[in-house]
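Notes for the one structure printed next.
We name chains A, B, ... by the order of the sequence lines, and we start the count at 1 in each one.
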2 protein chains.
Amino acid sequence: MNSVNDFLSLDKQLCFAIYEASSQFTKLYTNVLHPFGITYPQYLVLLALWEKDGLSAKELGNRLNLGTGTLTPMIKRMEVNNWVKKERSTTDERRVSIFLQPKALREKDAINQSIAKAIDTCNIELKEYEALMKQLKMLREKLELRHEKA
Amino acid sequence: MNSVNDFLSLDKQLCFAIYEASSQFTKLYTNVLHPFGITYPQYLVLLALWEKDGLSAKELGNRLNLGTGTLTPMIKRMEVNNWVKKERSTTDERRVSIFLQPKALREKDAINQSIAKAIDTCNIELKEYEALMKQLKMLREKLELRHEKA
DNA sequence: TACAATTAAATCGTACACGATTAATTAAAT
DNA sequence: ATTTAATTAATCGTGTACGATTTAATTGTA
């Protein structure tokens, strides 16, 4: 096995390691969230709204790096399930603000405690956690920088 | 902002950092691969087959952590575009082996050079690269361990 | 004022991703 | 040998994801 093939090996590819980690997290969160009737991306929406309720679709999209092609139908599903409510702005009728519904406030603690408990069973050291966050931040900056150039 | 809300902040969540990194990689690879007429997940399939041609659908699924619900239609698309060919095993007619087509061998170098060039422009230090790989491996092991317990 | 450019959402088409079910084949057990 | 269990793919339904286009509302400017 020469060095070129070695570089090409799936196991050596950072993209794949991240792809795998992401899908593992998705599965973990999906399991935990299933009893509550929300999906992992929907949970990310709730996280954003718990931080700041009433964000517009656009702002939510910026926060989560998602376009309207993803968000619009997702919000619609969350609306049907009484997690959020959409409200057209009166001052600018293009804008749609998304507000948490009582259910989302009521379930907040239970959901987050379930998540915290599940994450806890993984025994991830605080040190590793922080190191990973720091390195992913660096990576993100480099990938973003490249995007702007292109 | 108290510590509970702090923990709940999107920016503090490892899952989100990885979710972001993954989608950034997807976008980067998508851009590079688009001229060749393949998607990022399809490229991962090619990577696996370049390493070992003739894998069965099941083996490919294990390698990439994908089920048949994802792979079957994806392989079908790759077959239509002449990247791979499916062959039913004669000894065990349940098994379907997937073989690279000439196109996939012909384009291999060009594709990988394009990817390498794009990654290169990100200026990711070898040190960071390796550190991230190592930590993601540790994380994967912990997440996998948890899966088995559940 | 009028009208062009910009902005915000919604819509559309394609492609993953996954759990659950089904269908066909092989292996195992009595 | 027959039945049962296990294995492998395919199929189905739901839910992201994303680029491109469309629609509606607002802003900028001639």
Side-chain angles (χ1 to χ4, degrees), chain A residues 15-16 19-31 33-35 37-45 55-62 64-81 83-84 86-98 147 150, chain B residues 15-16 19-31 33-35 37-45 55-62 64-81 83-84 86-98 147 150:
Chain A
C15 67
F16 185 60
Y19 175 84
E20 265 189 310
S22 180
S23 71
Q24 274 178 322
F25 262 121
T26 301
K27 280 170 197 166
L28 171 66
Y29 276 68
T30 299
N31 282 335
L33 296 170
H34 184 258
I38 44 171
T39 66
Y40 175 46
Q42 287 170 18
Y43 171 69
L44 295 177
V45 167
L55 287 172
S56 71
K58 174 122 223 253
E59 290 165 328
L60 206 47
N62 288 338
L64 304 173
N65 304 309
L66 293 174
T68 71
T70 304
L71 271 181
T72 301
M74 192 167 137
I75 296 299
K76 204 174 288 178
R77 283 186 287 271
M78 293 181 78
E79 208 179 7
V80 169
N81 294 311
W83 292 105
V84 299
K86 272 194 299 203
E87 241 172 56
R88 202 119 229 161
S89 164
T90 49
T91 60
D92 182 346
E93 296 203 10
R94 285 169 307 180
R95 287 171 58 93
V96 167
S97 295
I98 323 271
H147 265 248
Chain B
C15 66
F16 185 61
Y19 175 85
E20 266 189 309
S22 180
S23 70
Q24 273 179 322
F25 262 122
T26 301
K27 281 170 195 167
L28 171 66
Y29 276 68
T30 299
N31 282 334
L33 297 169
H34 184 258
I38 44 170
T39 66
Y40 174 47
Q42 288 172 18
Y43 171 70
L44 295 177
V45 168
L55 287 172
S56 71
K58 172 128 226 247
E59 290 165 328
L60 205 49
N62 288 340
L64 304 173
N65 305 307
L66 293 175
T68 70
T70 303
L71 270 182
T72 300
M74 191 165 136
I75 296 298
K76 203 173 289 176
R77 282 185 289 271
M78 293 181 77
E79 209 179 5
V80 169
N81 294 310
W83 292 105
V84 299
K86 271 193 300 203
E87 241 172 57
R88 200 120 230 159
S89 164
T90 49
T91 59
D92 182 346
E93 298 203 10
R94 287 168 305 179
R95 288 170 57 93
V96 167
S97 295
I98 305 181
H147 265 249

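- Checking C:dC18, C:dT26, D:dA10 against the side-chain heavy atoms of B:R94 singles out C:dT26 as nearest.
- No side-chain donor-acceptor contact under 3.5 Å links A:S22 to the backbone of A:Y19.
- In this structure C:dT30 sits in a base pair with D:dA1, meeting the Watson-Crick or G-U test at under 3.5 Å.
- Side-chain nitrogen and oxygen atoms of B:T68 include none within less than 4.0 Å of the OP1 or OP2 phosphate oxygen of D:dA9.
- A close approach under 4.0 Å does occur between a side-chain nitrogen or oxygen of A:T72 and OP1 or OP2 of C:dA10.
- Comparing D:dT8, D:dA25, C:dC16 against the side chain of B:K58 picks out D:dT8 as the nearest.
- Between A:S56 and C:dA9 there is a side-chain polar atom (N or O) within less than 4.0 angstrom of OP1 or OP2.
- The nucleotide whose nearest atom lies closest to any side-chain atom of B:E93 is, among C:dT25, C:dC16, D:dT16, C:dT25.
- A close approach under 4.0 Å does occur between a side-chain nitrogen or oxygen of A:K76 and OP1 or OP2 of C:dT11.
- Nearer the 5' end of DNA chain C, as judged by each residue's closest nucleotide, is the contact made by A:T70, out of A:T70 and A:S23.
- Although no hydrogens or angles enter the test, the distance criterion places no donor-acceptor pair under 3.5 Å between the side chain of A:E93 and the main chain of A:T90.
- Taking side-chain N and O atoms only, A:K27 has a distance below 4.0 Å to OP1 or OP2 of C:dC18.
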